Participant: 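Below is one structure. I have some questions about it.
All of these numbers come straight from a predicted model, not from anything done at the bench.
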Protein chains: 2
Amino acid sequence: MAKKVTSQDVARHAGVSQSAVSRVFTKGASVSPEMAARVRKSAEALGYRPNALARGLITGRSRIIGLVVAYLDNPFYPDAIEKLSHALQAEGYHLLIFTTGKHGIDTERVISELIDYQVDGIITASINLSGELTRACAAAGIPVVLFNRGIPGSGLSAVTSDNQSGGRKAAEFLLAGGHARIAHIQGFEKASTSIDRLIGFEMALDAAGQGLHALGNGKYDRASAAEAARVMMDAPDPPDAIFVANDHMALAVMDVLRFDLGLSVPGDVSIIGYDDVPMAAWPSYDLTTLRQPTRRMVAATVEELLALLDAPTRPARRIEIDGPLVVRTSARIPDGWTQ
Amino acid sequence: MAKKVTSQDVARHAGVSQSAVSRVFTKGASVSPEMAARVRKSAEALGYRPNALARGLITGRSRIIGLVVAYLDNPFYPDAIEKLSHALQAEGYHLLIFTTGKHGIDTERVISELIDYQVDGIITASINLSGELTRACAAAGIPVVLFNRGIPGSGLSAVTSDNQSGGRKAAEFLLAGGHARIAHIQGFEKASTSIDRLIGFEMALDAAGQGLHALGNGKYDRASAAEAARVMMDAPDPPDAIFVANDHMALAVMDVLRFDLGLSVPGDVSIIGYDDVPMAAWPSYDLTTLRQPTRRMVAATVEELLALLDAPTRPARRIEIDGPLVVRTSARIPDGWTQ
DNA sequence: CGGGTATTTGCATACCTATGCAAGCGACCG
DNA sequence: CGGTCGCTTGCATAGGTATGCAAATACCCG
């Protein structure tokens with residue numbers, strides 16, 4: 001086990017000062033080409049790399065982004081996280097994971113740990129953090145970007161797809177398909193994504209003079225969604241179409257309809273999901289769904305976070321990215337549908 | 001934006017020395033109860049938390065574990081990572097994510113970055129790092145645990161399920177089911193998991209006096225697995241059973257058989273997977289598979305890593321955890337099967 | 001009540017790097 | 001040829017914490 005090699009060691013080896021070594025590895029510092037070459041050669045020989053901790057201590061920037069996440073069973077998130085990590089690495093940042101309890105979110109502890117590690121910024125995903133996070137991070141001056149979740153009035157930047165627009169598109173497609181009893185299974189009822197999808201959906205239904213036939217609560221959870229579907233279909237007047245607030249739940253609903261209730265999708269009931277996770281395209285489901293443009297959402301998230309790092313006083317922005325309806329076969333296709 | 005509050009500030013506020021403050025927050029240091037109470041009160045009042053970077057700098061332990069990961073589309077990994085993160089947080093460690101290129105692994109860069117951040121240990125998942133990692137980490141004295149992958153002869157600790165045993169169980173189940181043409185679609189052909197599953201599978205077939213009917217390469221990738229299945233079924237004498245090296249690929253194979261080729265599973269072909277990801281239990285697939293006991297694998301990984309952190313010279317261990325065959329309906333169930 | 005031990009506290013320093021400041025140097029211009 | 005400017009380099013220090021050492025205090029037993 002070799003001892004850690006420091007800038008001092010390199011300086012000695014190259015016969016220069018420690019500051020010179022530091023400057024060679026500090027972007028934008030003033031060094032002559034010869035000095036740079038000489039130092040790099042010694043560094044190479046000794047296997048030197050600047051200590052990110054020490055660097056972070058003195059610059060006040062750790063180049064660590066805290067990723068706060070509750071659950072990863074919805075496959076939308078792993079994909080997003082992978083892309084986020086890539087994008088941030090390209091900018092010289094890395095993600096430090098903080099997992100919260102799945103149900104009761106241990107906000108206090110998470111925030112403490114985020115501060116301990118001197119994270120430069122925070123990204124949250126699959127999670128609703130209460131106002132505590134807002135306060136604590138504002139106090140500590142740590143920029144926050146909410147990924148795929150907004151907290152209205154929180155003053156935090158948020159990146160989502162255009163959920164209201166998505167809900168509207170789902171409704172319009174089902175209406176065009178001639179459905180008469182259109183229902184919705186929402187996600188976690190306090191999540192902005194779920195709320196907005198419902199709002200957009202209901203508004204379009206209302207505009208067509210047709211109300212929401214039924215509403216169930218799936219809590220962004222497979223089992224709850226399945227149960228909600230069962231209850232809904234058990235009613236005297238079951239729906240002939242269900243818009244489900246995300247794909248993860250929509251697949252569960254399809255399973256319940258087909259295997260528990262022996263119904264046909266879309267013969268008996270049309271299903272529309274939200275996210276366009278990879279599985280939605282699998283032939284067993286072939287789920288019509290609203291695509292969340294992950295790449296663009298990730299790019300926007302990183303861009304916004306970097307902007308906040310540069311100018312912490314910058315006002316928060318709410319970025320909504322529109323995604324298309326991906327028409328597959330889980331919902332009846334209206335005659336002559338082209339859009 | 002409040003300035004960072006340091007141990008100095010707390011010391012002043014409490015009227016004690018900075019060392020006293022430090023000791024209160026250092027486990028195992030000698031402090032009187034009154035001192036502790038007093039300091040904690042001031043710390044609370046000022047909102048002080050020890051700076052993990054500075055602490056890491058001086059103790060030489062960052063309490064950061066590098067997680068090196070290539071891809072997350074196999075849902076086995078997100079689940080495992082979530083559990084890993086939880087378990088490590090309970091021990092006061094956090095995961096810093098390093099994503100590698102999906103194909104060409106940029107070993108050099110990843111190793112450099114791992115060293116930059118002074119990670120205390122490394123966990124790799126869904127990835128084959130060449131000998132470079134071994135060398136570099138041995139040189140830097142950083143313990144490594146390979147999760148769900150072993151590199152024989154690397155001298156690195158590894159935690160996997162008992163892949164050979166799993167392969168054997170798959171073969172025995174298919175043999176008991178009276179299958180005559182038993183094939184295999186392997187994963188990434190250099191991955192130890194894939195190799196071992198194949199070895200166990202073939203050995204059991206051989207022992208029964210029956211050879212491997214066909215072998216395809218799915219590269220742990222959905223599209224490749226689908227292609228391999230098509231080729232295999234296109235042969236003059238197609239298999240009547242396929243053991244696929246993980247669930248992720250097995251589901252793709254089932255889709256190809258049912259939807260592209262119009263075959264019945266298990267009527268025409270029996271399928272067995274490996275992992276027991278959540279989707280395997282979904283009624284659309286109801287996949288017979290070998291369970292990887294994620295919880296126990298994670299626990300073993302964390303335990304082994306902590307042991308290595310305590311005693312870096314400890315010899316590497318190879319931990320294999322046996323998992324059961326989960327019998328569902330994607331493979332013909334032998335008459336009177338009880339095991 | 002004294003001497004010795006155990007415990008607690010403060011002082012000073014180390015960890016490793018970045019950076020302000022001043023000095024050195026060459027170059028360029030008038 | 002002298003003065004000024006720009007660039008490069010080294011010196012010294014800071015950033016926030018942990019810890020060895022010595023001093024101080026408390027405690028115990030004889």
Participant: Counting any heavy atom closer than 4.0 Å, what does B:T59 reach on the DNA or RNA strands: base, sugar-phosphate only, or nothing?
Facilitator: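 Counting heavy atoms under 4.0 Å across all strands, the contact made by B:T59 is with sugar-phosphate only.
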Participant: Once you round it to whole Å, what is the distance between P of C:dA12 and CD of B:Q8?
Facilitator: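 After rounding, the reported distance stands at 13 Å.
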Participant: Using a strict cut-off of less than 4.0 Å between a Lys/Arg side-chain nitrogen and an Asp/Glu carboxylate oxygen, indicate whether A:E304 and A:R318 qualify as a salt bridge.
Facilitator: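 No, no charged N to carboxylate O under 4.0 Å.
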Participant: Would you say the side chains of B:Y77 and B:N148 form a donor-acceptor pair under 3.5 Å?
Facilitator: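 Per modelled atom types, B:Y77 and B:N148 side chains form a pair under 3.5 Å.
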Participant: By the 4.0 Å heavy-atom rule, please label A:S22 as base, sugar-phosphate, or nothing.
Facilitator: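 Base contact - A:S22 has a heavy atom under 4.0 Å of at least one base atom.
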Participant: Without decimals, in angstroms, what is the distance between A:R38 CZ and D:dT8 P?
Facilitator: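 Distance, rounded to whole Å: 16 Å.
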Participant: Test the A:R40-A:F25 pair against the cation-pi criterion, namely NZ or CZ under 6.0 angstrom from the six-membered ring centroid and within 45° of the ring axis.
Facilitator: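 Yes, a cation-pi geometry holds between A:R40 and A:F25.
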Participant: Just checking, any donor-acceptor pair under 3.5 angstrom between side chains of B:S161 and B:E320?
Facilitator: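 No, no side-chain donor-acceptor contact under 3.5 Å.
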Participant: Using atom CZ of A:F25 as one end and atom P of C:dC16 as the other, report the distance to the nearest whole Å.
Facilitator: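 Rounding to the nearest Å, CZ of A:F25 and P of C:dC16 are 16 Å apart.
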Participant: Looking across every strand, which nucleic acid part, if any, lies under 4.0 Å from B:R61 by heavy atom: base, sugar-phosphate, or nothing?
Facilitator: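 Nothing: the residue B:R61, judged by heavy atoms under 4.0 Å, touches no strand.
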Participant: Applying side-chain hydrogen bond (donor to acceptor under 3.5 Å, both in side chains) to A:T99 and B:Q89, what does each step give before you reach the verdict?
Facilitator: CA-CA 8 Å; A:T99 47; B:Q89 273 179 213; 3.0 Å; yes
Participant: Nearest-Å distance, CG (B:D116) to P (C:dT17)?
Facilitator: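 The distance from CG of B:D116 to P of C:dT17 comes to 10 Å, rounded to the nearest Å.
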Participant: Which nucleotide in the list D:dT17, C:dA18, C:dC16 gets nearest to the side chain of B:A54?
Facilitator: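 The answer is D:dT17.
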Participant: Write down the distance between CZ (A:R12) and P (C:dT17), rounded to a whole number of angstrom.
Facilitator: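 Checked: the CZ to P distance equals 12 Å.
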Participant: How many whole angstroms separate atom CG of B:L53 from atom P of C:dA18?
Facilitator: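 Rounded to the whole Å, the gap is 13 Å.
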Participant: Run the ring-ring contact (aromatic ring centres under 6.0 Å, His included) check on B:Y220 and B:Y71 step by step: do they pass?
Facilitator: CA-CA 11 Å; B:Y220 282 143; B:Y71 56 90; 7.8 Å; no
Participant: Start with the C-alpha distance between A:R109 and A:E113, add both sets of side-chain angles, then the distance that settles salt bridge (Lys or Arg N to Asp or Glu O under 4.0 Å), and finish with yes or no.
Facilitator: CA-CA 6 Å; A:R109 179 186 55 78; A:E113 293 179 355; 3.2 Å; yes
Participant: Specify the separation, in whole Å, of atom OH of A:Y117 and atom P of D:dT17.
Facilitator: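 To the nearest whole Å, that distance equals 15 Å.
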Participant: Rounded to whole angstrom units, what separation is found between the CZ atom of B:R49 and the P atom of D:dT17?
Facilitator: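 Atom-to-atom, B:R49 to D:dT17, this comes out as 11 Å.
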Participant: Does the protein touch nucleotides 9-14 of chain D at the base, only the backbone, or not at all? Give it as B, S and - per nucleotide, heavy atoms under 4.0 Å.
Facilitator: BBBB-B
